[in-house]
Amino acid sequence: MSGAFLADVDTFFDRAADQLDLPVGLAEKIRVANATYTTRFGVRLRDRMFTFTGWRSTHSTHQTPAKGGLRYAMACSAEEVEALAALMTYKCALIGVPYGGSKGALQIDPSEWTEAELEKITRRFAQELIRHRFLDSAMNVPAPDIGTGERTMMWIADEYSRLRPDDINGQACVTGKPLGGGGIDGRIEATGRGVQYAVQAFFETESLCRPVFGASGLKGQTVIVQGFGNVGAHLAQFLSADDGAKIIAIIERDIVLYRPEGIDIAGLLAHREKTGGLAGFAGASARPPAPDDLTMPCDILVPAAIEGVIDDAIAKSLGARMVVEAANGPCTAAGDRILAQRGIPVIPDLYANAGGVVVSYFEWVKNISHMPFGLLERRYHEKGHRMLTSKIENAMGTAIDWQGGESYLSGPTEIDMVRSGLEDAMRTTLARIVQVQETRPGTTLRDAAYALAISRIAEAYRAIGV
Ligand code: GLU
């Protein structure tokens with residue numbers, strides 16, 4: 001399965017690279033992983049020794065640090081990590097953050113261990129990664145992924161500060177940290193928020209939207225979300241609350257919730273907060289998952305869980321009008337071809353879910369600059385805005401009716417700046433992908449996104465004369 005995932009990412013790469021005029025041998029250099037480190041380490045727990053296996057792959061260092069998440073899952077392997085690391089290289093190049101690509105995994109089921117045990121295991125894993133320079137504020141910077149979160153990142157940052165107390169940028173050795181530990185406002189929601197901006201931008205781009213949805217907008221579109229983790233839950237909340245889309249089904253590993261009129265996502269989140277799960281939610285019908293859940297009819301299908309879920313068989317009977325890859329690698333190469341033949345557009349992973357790494361970049365810059373965003377200029381702008389406002393009000397002889405926009409007066413907060421930077425990255429990138437698509441009729445969004453990413457990496461190689 002994971003070997004197939006790597007082969008699929010390489011297929012996507014080759015298909016785009018073949019269309020580009022690259023110097024002989026460069027495509028292969030860009031495609032392969034630079035180095036993949038495997039570690040097997042022991043931790044004494046429950047009065048015995050346990051051996052854990054972990055990986056960190058650096059796919060590319062054409063820009064440094066190499067960047068990418070760290071996942072805790074039982075189903076992981078060196079090949080899977082290499083595929084995910086490659087996707088990180090292409091994602092960063094495409095979205096315009098100056099990083100190479102990396103990814104890591106630890107073969108563990110986090111639900112089987114207590115918090116204290118997880119901390120011990122994480123710190124040992126971090127020690128191994130630090131020792132081999134696969135964790136370093138300047139060279140390789142992890143972030144949360146499946147099975148990890150703020151707490152995991154904080155343990156890693158703390159372990160790093162003990163082993164590398166001389167690194168003045170030590171806090172920047174991981175991103176996705178809690179706010180009080182050097183994190184940034186908006187990092188947790190970032191991937192879901194980025195997917196929302198991508199979907200909004202798709203619907204506002206006439207050449208993309210019209211062939212599938214005619215003149216209709218995002219409001220009222222029916223959405224099925226597979227995976228109600230950090231990305232899926234935030235996205236479901238944003239699409240329903242801000243855009244008026246109807247989330248008609250949530251597909252989880254152990255349960256499917258369905259309500260054709262749209263599920264009240266805020267209510268569902270409150271229920272999960274209270275009970276710890278989705279079962280027992282009164283606002284939707286519930287049933288166990290079935291193999292063909294993803295083929296249920298809807299306007300927008302959002303796989304936000306794991307790779308390989310839309311293979312050729314599922315793609316043939318897919319009932320959605322478009323697919324948004326919030327997870328990494330949900331469509332196999334064969335599935336992707338069938339969707340293209342059926343005229344079902346796919347917003348590809350390397351673009352759709354890039355919001356996480358964009359905001360990681362903001363956090364990393366904040367850490368290495370050692371200064372909170374806005375400290376120097378916020379007050380200055382506030383004074384200017386207030387002065388201008390009072391002059392306009394005097395001239396008009398009436399007070400401005402801000403209609404909720406008065407936050408303009410006080411200047412942007414960190415979350416305002418993070419969202420604005422993220423929205424800009426997502427919108428400009430889609431416009432660039434569409435430009436590439438327009439020069440090559442028949443090209444999918446994925447092919448165009450890969451072509452753009454590969455050209456940018458090739459440019460970096462050319463700039464150093466390779
Ligand atoms: N794990 C996320 C991804 O797959 C975030 C990576 C990062 O922020 O470095 O894009």
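Indexing begins at 1, ligand by ligand and atom by atom, following the structure's order.
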Student: List, pair by pair, the atoms of ligand 1 and of the protein that are both N or O and lie under 3.5 Å apart, giving the separation rounded to 0.1 Å.
Tutor:
{"from": "ligand 1", "atom 1": "1 (N)", "to": "Pro144", "atom 2": "O", "distance (Å)": "3.0"}
{"from": "ligand 1", "atom 1": "1 (N)", "to": "Asp145", "atom 2": "OD1", "distance (Å)": "2.8"}
{"from": "ligand 1", "atom 1": "4 (O)", "to": "Lys91", "atom 2": "NZ", "distance (Å)": "3.2"}
{"from": "ligand 1", "atom 1": "4 (O)", "to": "Lys103", "atom 2": "NZ", "distance (Å)": "2.9"}
{"from": "ligand 1", "atom 1": "4 (O)", "to": "Asn328", "atom 2": "ND2", "distance (Å)": "3.1"}
{"from": "ligand 1", "atom 1": "8 (O)", "to": "Arg187", "atom 2": "NH2", "distance (Å)": "3.2"}
{"from": "ligand 1", "atom 1": "8 (O)", "to": "Ser360", "atom 2": "OG", "distance (Å)": "2.6"}
{"from": "ligand 1", "atom 1": "9 (O)", "to": "Lys67", "atom 2": "NZ", "distance (Å)": "2.8"}
{"from": "ligand 1", "atom 1": "10 (O)", "to": "Lys91", "atom 2": "NZ", "distance (Å)": "2.7"}

Student: Heavy-atom count around Ile168 CD1 within 6.0 Å, excluding the residue itself: above 12?
Tutor: no
Student: Which residues pass the ring pair (Phe, Tyr, Trp, His ring centres under 6.0 Å) test with Phe362, sequence neighbours left out?
Tutor: none
Student: Applying ring pair (Phe, Tyr, Trp, His ring centres under 6.0 Å), name anything that partners Phe134, two or more places apart in sequence or on another chain.
Tutor: Tyr37
Student: For Tyr72, check ring pair (Phe, Tyr, Trp, His ring centres under 6.0 Å) against everything at least two apart and list the hits.
Tutor: none
Student: Please find the pair of heavy atoms, one from Val223 and one from Ala245, that lie closest to each other, and give the distance.
Tutor: CG2-CB, 3.9 Å
Student: Can Arg31 and Glu28 be counted as an ion pair, charged N to O under 4.0 angstrom?
Tutor: no
